[in-house]
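Below: one structure, written as structure tokens.
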Amino acid sequence: MSEIASLSKRVGDEVAASREAVVLGPGEGREYPMGRISAVFKADGVETASRYSISEWWLEPNTQGPGAHSHPEDDVFYVIEGTMSVLVGEKWTHATQGSFVLIPGGVTHDFENRGSVRAGVLNLSIPGEFEPHMAGIAQWFLENPPGSAGT
């Protein structure tokens, strides 16, 4: 093994050794209620060495999401309940339970629940920390409640 590879492995091992496992039951995590939308953060920051963020996002029936936006981080959505309508670029997809959507950084996207039952996605934001932005995001949603979703 080269000296650089050996150093990289030691640094990686040290980072991994300094973190602790996270075990959460259903519904557990750090909650951010936003009216008809809620987020539950499972791991972020220190828990992931700032490599990624994992959260659940829940939308009540017929609820708009955050609106079309983009950011440099990749977004991964896995539908855990209901049907989540997901905008990728200019195309909407109706992602049913078990669906997977990978949105590369820089691509415009949105999500909303156009259905008659609550819908939820597991979200991975890669790389980096997402949760530090949640206080501002939650406040924005409380001041700007989401409207009814499109069709």
Taking atom types as modelled, find out whether [X] and [Y] have a side-chain donor-acceptor pair closer than 3.5 angstrom.
X	Y	result
D75	N123	yes
T83	H94	no
H109	H71	yes

Which heavy atom in [X] sits nearest to a heavy atom in [Y], and how many Å separate them?
X	Y	value
P33	A138	O-CB, 4.3 Å
I37	G65	CD1-CA, 4.2 Å
N113	A119	ND2-N, 3.3 Å
R51	I126	O-CG2, 4.0 Å
G150	E112	N-OE2, 3.0 Å
A149	R114	CB-CG, 3.8 Å

[X] versus [Y]: any side-chain heavy-atom pair under 4.5 Å?
X	Y	value
W140	M34	no
T93	V88	no
L59	M84	yes
L102	D74	yes
V101	Y78	no
F130	I137	yes

Q) By side chain to side chain donor-acceptor pair (under 3.5 Å), which residues pair with S55, not counting sequence neighbours? A)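 Partners of S55 by the side chain to side chain donor-acceptor pair (under 3.5 Å) criterion, ordered by chain and then number, come out as W57.
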Q: Check step by step if side-chain contact (heavy atoms from CB on, under 4.5 Å) holds for I54 and L122.
A: CA-CA 7 Å; I54 302 174; L122 185 66; 3.8 Å; yes
Q: Apply side-chain contact (heavy atoms from CB on, under 4.5 Å) to the pair F41 and S53, showing each step before the final yes or no.
A: CA-CA 8 Å; F41 275 72; S53 175; 3.3 Å; yes
Donor-acceptor pair, distance only, cut-off 3.5 Å: does the side chain of [X] make one with the backbone of [Y]?
X	Y	answer
Q64	G147	yes
Q139	G136	no
S99	Q97	no
D44	E131	yes

Q. Same cluster or not: are V79 and I103 linked, directly or through other Ile, Leu, Val, Met, Phe, Trp or Tyr residues, by side-chain heavy atoms under 4.5 angstrom apart?
A.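 Yes; I103 is reachable from V79 via cluster members.
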(Q) Evaluate F77 against F100 for side-chain contact (heavy atoms from CB on, under 4.5 Å), listing each step before the verdict. (A) CA-CA 6 Å; F77 295 105; F100 172 89; over 6 Å; no
Q: For the pair E47 and R30, find out whether any cationic side-chain nitrogen is under 4.0 Å from an anionic carboxylate oxygen.
A: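 Salt bridge: yes.
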Q: Please determine if R36 forms a cation-pi arrangement with W58, meaning its NZ or CZ atom is less than 6.0 Å from the six-membered ring centre and no more than 45° off the ring axis.
A: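 Checked: cation-pi criterion not met.
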(Q) Suppose we call two aromatic rings close when their centres sit under 6.0 Å apart. Are F141 and Y32 close by that rule? (A)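 No - the distance between ring centres of F141 and Y32 does not fall below the 6.0 Å cut-off.
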